[in-house]
Structure formats: C-alpha cells, structure tokens
Asks: 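My structure is below; once you've seen it, I'll send some questions.
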Amino acid sequence: VANWMRPQAKDFTAQWITEFGDQVELVIANNDEMALGAIAAYEERPEYALPTVVGIDGTKAGLDAVNKGLMLGTVRNDAVIQAKAILNLAYASAKDLPLNLEVPELEGRYVWVSYQTVKKS
C-alpha cells in the first residue's frame with residue numbers, strides 16, 4: 001500500500017529491489033503516481049533492469065512515461081464523460097425525471113464509464 005503517492009511507491013519498490021533483485025518482472029500500480037514511483041526506484045538502481053510497469057489514470061506524467069517507453073501503458077479515466085454523468089444524475093434526481101445518460105451505462109445505482117487503454121503503439 002503506497003497510498004497513491006509516488007514517494008511511498010518509490011520506497012516500497014526500493015525495498016523490493018533489495019529483497020528480490022531482478023526477480024521482479026511486472027509492476028501494476030493502481031495509479032500513475034505509484035507507477036512513476038516504482039520507475040524512480042529503478043532509476044536509482046541502474047544495475048537492475050526496469051520491469052514492465054503499468055499505471056492507471058492517464059495523467060500527463062503517466063502519458064509522458066508511456067511515450068518515453070518507461071511504462072508499458074496506463075488506463076485513462078474520462079473525466080468529461082464522468083462529469084456529464086454526474087450532472088445528468090443530479091439534474092434528473094432534483095427534477096424527478098428519468099435518467100438521460102448519453103455515454104455511461106447505468107446498472108442499478110452505478111454508472112459505469114469505460115476506461116481507455118493507452119499504450120505507446
């Protein structure tokens with residue numbers, strides 16, 4: 001657990017490098033910041049090969065790392081579609097109207113917004 005923070009992810013990854021060396025083959029982080037923290041730990045230990053790293057969020061820093069080949073990919077969370085869904089839900093609820101959701105999928109009380117995979121290719 002690195003609390004979605006780059007410095008904590010860097011520290012954990014540095015411990016794993018010390019403990020496991022080149023046995024680490026893949027890092028899947030629950031956000032781009034933690035993925036970038038893992039990359040930073042490997043940059044400080046160039047004697048170890050950077051494993052495949054994947055993040056989530058599609059932040060500018062994450063996308064830059066993908067373009068540089070440091071991360072295999074990230075998953076972009078579409079904030080515009082999420083904002084539209086929130087506004088539609090709020091308006092419909094306030095006016096007691098049927099929901100009018102353009103893109104997201106409504107399932108019970110949940111609105112699902114598709115993520116987009118981002119890779120260098």
Side-chain angles (χ1 to χ4, degrees):
V1 176
N3 297 308
W4 295 272
M5 299 175 68
R6 191 183 304 201
Q8 289 184 23
K10 179 182 172 187
D11 291 344
F12 279 119
T13 304
Q15 290 174 10
W16 296 331
I17 293 170
T18 299
E19 186 174 344
F20 301 109
D22 281 324
Q23 295 179 53
V24 178
E25 298 177 20
L26 174 66
V27 174
I28 301 174
N30 207 19
N31 75 346
D32 287 345
E33 281 298 299
M34 291 190 296
L36 293 167
I39 291 168
Y42 275 93
E43 287 174 339
E44 289 186 357
R45 301 290 301 271
E47 68 271 24
Y48 294 101
L50 178 67
T52 300
V53 179
V54 178
I56 297 174
D57 285 336
T59 63
K60 181 179 179 342
L63 295 173
D64 288 345
V66 171
N67 287 330
K68 291 176 184 174
L70 297 172
M71 283 175 45
L72 172 65
T74 184
V75 180
R76 192 171 83 82
N77 197 352
D78 195 325
V80 172
I81 292 175
Q82 287 184 0
K84 286 181 182 180
I86 290 167
L87 290 173
N88 284 336
L89 285 167
Y91 182 79
S93 296
K95 297 290 187 177
D96 199 26
L97 297 171
L99 295 176
N100 177 18
L101 302 175
E102 296 171 13
V103 178
E105 178 185 336
L106 182 65
E107 182 181 300
R109 63 183 199 173
Y110 298 99
V111 176
W112 299 103
V113 176
S114 297
Y115 290 92
Q116 298 170 336
T117 303
V118 180
K119 298 189 310 185
K120 190 174 182 179
S121 61

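Because the structure is a prediction, the values reported are computed rather than measured.
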Asks: Considering all heavy atoms of both residues, which atom of Ala29 and which atom of Ala35 are nearest to each other, and what is their separation?
Replies: CB-N, 3.4 Å
Asks: Determine the sole option in Thr13, Leu26, Ile39, Val27 for which the side-chain contact (heavy atoms from CB on, under 4.5 Å) test with Pro51 is passed.
Replies: Val27
Asks: Might you point out which heavy atoms bring Lys119 and Val66 nearest each other, and give the distance in Å?
Replies: C-CG1, 3.7 Å
Asks: Considering all heavy atoms of both residues, which atom of Leu36 and which atom of Ala65 are nearest to each other, and what is their separation?
Replies: CD2-CB, 3.6 Å
Asks: Whether the side chain of Lys120 engages the backbone of Asn67 through a donor-acceptor N/O pair (distance < 3.5 Å, no angle test) should be reported.
Replies: yes
Asks: For the atom pair CZ (Arg76) and CG (Asp57), what is the distance rounded to the nearest 0.5 Å?
Replies: 11.5 Å
Asks: Establish whether Ile17 and Leu50 are linked, either directly or via other cluster members, by ILVMFWY side-chain heavy-atom contacts under 4.5 Å.
Replies: yes
Asks: Between Ala9 and Ala2, what is the shortest heavy-atom contact and its length?
Replies: N-CB, 3.6 Å
Asks: First locate atom OG1 of Thr18, then atom OH of Tyr48, and finally report the distance between them rounded to the nearest 0.5 Å.
Replies: 7.0 Å
Asks: Would a single hydrophobic cluster contain both Val54 and Phe12, if residues Ile, Leu, Val, Met, Phe, Trp and Tyr are joined by side-chain heavy-atom contacts under 4.5 Å?
Replies: no
Asks: Find the distance between CD1 (Ile86) and CD1 (Ile81) and round it off to the nearest 0.5 Å.
Replies: 12.0 Å
Asks: Is Trp16 reachable from Tyr42 through a run of I, L, V, M, F, W or Y residues, each pair having side-chain heavy atoms under 4.5 Å apart?
Replies: yes
Asks: Mind checking whether Met71 and Asp32 have side chains closer than 4.5 Å, heavy atoms only?
Replies: yes
Asks: Treat each ILVMFWY residue as a node, draw an edge where side-chain heavy atoms are under 4.5 Å apart, and state whether Leu63 and Met34 are in one component.
Replies: no
Asks: Mind checking whether Val118 and Val53 sit in one hydrophobic cluster, side chains of I, L, V, M, F, W, Y counted as touching below 4.5 Å?
Replies: no
Asks: Counting only heavy atoms from other residues, nucleotides and ligands, does the tally under 6.0 Å from CD of Glu47 exceed 12?
Replies: yes
Asks: Just verifying a value: how many Å separate Asn3 CG and Glu33 CD, rounded to the nearest 0.5 Å?
Replies: 13.0 Å
